[in-house]
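This report refers to the structure that appears directly beneath it.
All values below were derived from every heavy atom in this structure, side-chain atoms included, with hydrogens, water molecules and symmetry-related copies excluded. The first residue in the sequence is number 1, and the count goes up from there. None of these values were measured; they are calculated from a predicted model.
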Amino acid sequence: MNSGKGEVRNRFLLITVAAFLAGCLTLWAPLEKVEYWFCDLLYVREKPVDNRIKIIGIDEKSQEEMGPFSSWTRQQAADLLNAFDKEHSPAVVAFDINFVGQRDQVGDAALAEAAAGFPHVVMASYINYGTRVEQLGNGEYQINTMYVEDLELPYEALRNVTAHGFTNAVQDVDNYVRRSLLGEVVDDSRPEMEYNFAWRIYSEYRESMGEQPRLPGMQENGIYGFDYTAEPGMYEVYSYVDVVEGRCDPKVFQGGIVLVGAYAQGMMDQYMVPIARGAVMNGVEVQANHVDALLNQRTFVNIDIWIQALAAFLIAGFYAWLVSYNSFLVNTVGGVVLETGIIIAAKSLYGAGFYWKCFLPFVFILLTFLMRVATGYLTERFRKRKILSVFRTYMAPQVVDELGRSGNYKIELGGREREIAVLFVDIRGFTSMSEGLSPEKIVEILNRYLGMVTEAIFHNEGTLDKFIGDAVMAVYNAPLDVEDYACKAVQTGLDIVKAVDSINASLKKEFGIEIACGVGVHCGKAVVGNIGCSYRMDYTAIGDTVNVAERLESIAKGGQVLISKDLYEQVKDQYSAVYAGSQSLKGRQGGIEVFVVEGTNGTDASGKNT
């Protein structure tokens, strides 16, 4: 009972530790970069682009024909606006280019005048953040790393006739852009908020359509995420110079949203994005994806971290419980169902605008399952080694090795009928012979004799069944099939008789005695398996075949190997034997025909020529 309570207590402890570990790791987030990588694989998928969005790129071709971008004045921007057909003009034109401060009076005036001719033009601004120490309401101090130092706006003439939004990118811990800040109060003395560039574009477009913009769901700090639509190069991109020179049909821009920005490698306006892992995306394409997400309401917010931790806690705890109480099949099916459920739930939540970092509970189930497999494997190996260590005490090494390779034997009560050969061997007159010898000498003599017999049995792939005083029982063709098992049983008897002569010389010298063994061998059907109870069992064979072999051994004289007629018929091609007549055996009605084995017929136990 105490053992049962201890097992329950250990399981409860493991489940609790697993659940708390998953919850705490979610809060601590040591693998946040991996979390984002996993979520990108799970959530980000390419979708059809919104055809209302067009890009005009300042590319290599434009710089070849119009000169390096660094040499351009605001006149080039005015030329682009003037190139649009007023009858087929875009709904919104947005420049992802900073026009900060005045540069030349003519170009500045030209751009402001051209922009004034359009109802919805959006220019880029930029917020410069700094760090300062701030005092909180409770008197404590904190370091604010997102202190707004100043806002870089378009020059005044342009600012008066256009809208503007900041282009600062919000980068996650892995430097990928997935989120944006809706707006920032730049000056505490005035309530006006500076909105991000994409939101400004979206708002201007909705206004041009006579509609109100829809605010995305946001976190308390005003951060929200946006779902990417397409990889680099998937939006319609037109070369800046082609538009200025009238090489493009202006109707393609009618009623749409036109974003103008850097599209050349050397302009240093590129970001890492989740939809193009291993590559970078031009800033103007990032803005296009952002606007696309706002137009089609594909934004998201992070699920509260405490809710994510609770989910990880419950999922990990439940699967730890499942693993500790159920079979491997249930663990596998349960793990697959849970993993699938996590993926389905995560994707459904993402589609509804909620970002769940589900990597930790997902991988926790996988690791728990692998640990279950590993512990099961190690337990099985330990059990197998334990079984084999037991078998090595009464079975030939090669048979044990075969058991180890096949792994198809289990220690359990019960047996099955199979064809085997059984050998018994005993020392003739050992009781009277040992009189006058000390117990220590008797044990030493027995050990030498039994060692010799065991070696002969194992050499011929037999299984040592048991020691019965100075008698030994061995079986062949069990627990595994043994080729030519009948011949190998007979050969064992001959080897024992021969080996007795080799140890008699030393026994005569040391103890003044010699021994002689009688061997009996029979073959037939017997029940082979573990006999006994659950806490004490022996591997053995029982049945008439065993009894006959034992009776044959009992009538064998010293140096004789007696076999039955049934066995003789199987080995007569390999071994020569003399018919010894029909012998009556104790406990058996009628006689049995017996043969005395003399030796081989020029072949070994396997039937090969010697």
Side-chain angles (χ1 to χ4, degrees), residues 15-16 18-45 47 146 169-184 196 198-199 214-229 272-275 277 286 289-290 292-321 334-368:
I15 293 167
T16 304
F20 270 100
L21 183 61
C24 290
L25 286 175
T26 301
L27 292 173
W28 180 31
L31 303 174
E32 196 167 10
K33 289 184 180 180
V34 182
E35 286 269 17
Y36 281 127
W37 167 81
F38 181 78
C39 289
D40 289 344
L41 291 178
L42 189 61
Y43 298 145
V44 182
R45 292 290 182 271
K47 294 167 281 292
M146 294 296 291
V170 176
Q171 293 176 294
D172 288 319
V173 67
D174 59 353
N175 294 321
Y176 280 71
V177 177
R178 302 178 183 86
R179 277 160 253 279
S180 184
L181 175 65
L182 179 66
E184 186 80 85
N196 70 58
W199 173 260
R214 295 184 292 264
L215 280 171
M218 292 176 288
Q219 294 163 219
E220 291 183 1
N221 57 3
I223 296 287
Y224 64 92
F226 59 92
D227 184 28
Y228 279 81
T229 301
M272 292 189 293
V273 293
I275 201 167
R277 298 196 71 89
V286 175
N289 275 276
H290 192 168
D292 201 329
L294 290 169
L295 285 171
N296 295 285
Q297 296 182 283
R298 293 198 312 272
T299 60
F300 58 84
V301 293
N302 283 357
I303 295 176
D304 184 88
I305 189 64
W306 288 100
I307 296 177
Q308 295 191 54
L310 177 62
F313 176 91
L314 294 175
I315 292 171
F318 173 75
Y319 191 64
W321 169 83
V336 171
V337 170
L338 274 177
E339 298 279 46
T340 305
I342 288 173
I343 292 174
I344 293 173
K347 291 177 76 69
S348 298
L349 286 168
Y350 186 73
F354 298 98
Y355 193 89
W356 178 23
K357 295 179 183 177
C358 59
F359 173 74
L360 272 175
F362 185 89
V363 79
F364 202 95
I365 292 173
L366 180 61
L367 291 176
T368 304

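Phe362 pairs by the ring-ring contact (aromatic ring centres under 6.0 Å, His included) definition with Phe38, not counting sequence neighbours. By the side-chain contact (heavy atoms from CB on, under 4.5 Å) test, Ala309 pairs with Thr26, Leu27, sequence neighbours left out. Under the ring-ring contact (aromatic ring centres under 6.0 Å, His included) criterion, Tyr43 pairs with Tyr350, Tyr355, sequence neighbours left out. A search for side chain to side chain donor-acceptor pair (under 3.5 Å) contacts involving Tyr224 returns Asn196, His290, not counting sequence neighbours. With sequence neighbours excluded, the residues forming a side-chain contact (heavy atoms from CB on, under 4.5 Å) with Leu21 are Leu25, Phe364, listed by chain and number. Take Glu339 and apply the side chain to side chain donor-acceptor pair (under 3.5 Å) test, not counting sequence neighbours, and it matches no residue. Qualifying salt bridge (charged side-chain N to carboxylate O under 4.0 Å, His left out) partners for Lys47, counting only residues two or more places apart in sequence or in other chains: Asp227. Residues meeting the side-chain contact (heavy atoms from CB on, under 4.5 Å) test with Val177, sequence neighbours left out: Ala169, Gln171, Phe226, Tyr228, Tyr271, Val286. In this view, Arg45 satisfies the salt bridge (charged side-chain N to carboxylate O under 4.0 Å, His left out) rule with no residue, not counting sequence neighbours. For Arg298, the side chain to side chain donor-acceptor pair (under 3.5 Å) partners two or more places apart in sequence, or in a different chain, are Thr229.
Pairs engaging residues 299-310 under the salt bridge (charged side-chain N to carboxylate O under 4.0 Å, His left out) rule: none recorded [sequence neighbours left out]. The stretch residues 350-360 participates, sequence neighbours left out, in these salt bridge (charged side-chain N to carboxylate O under 4.0 Å, His left out) pairs: Glu32-Lys357.
Arg178 forms no cation-pi arrangement with Phe300, by the criterion of a distance under 6.0 Å to the ring centre and an angle within 45° of the ring axis.
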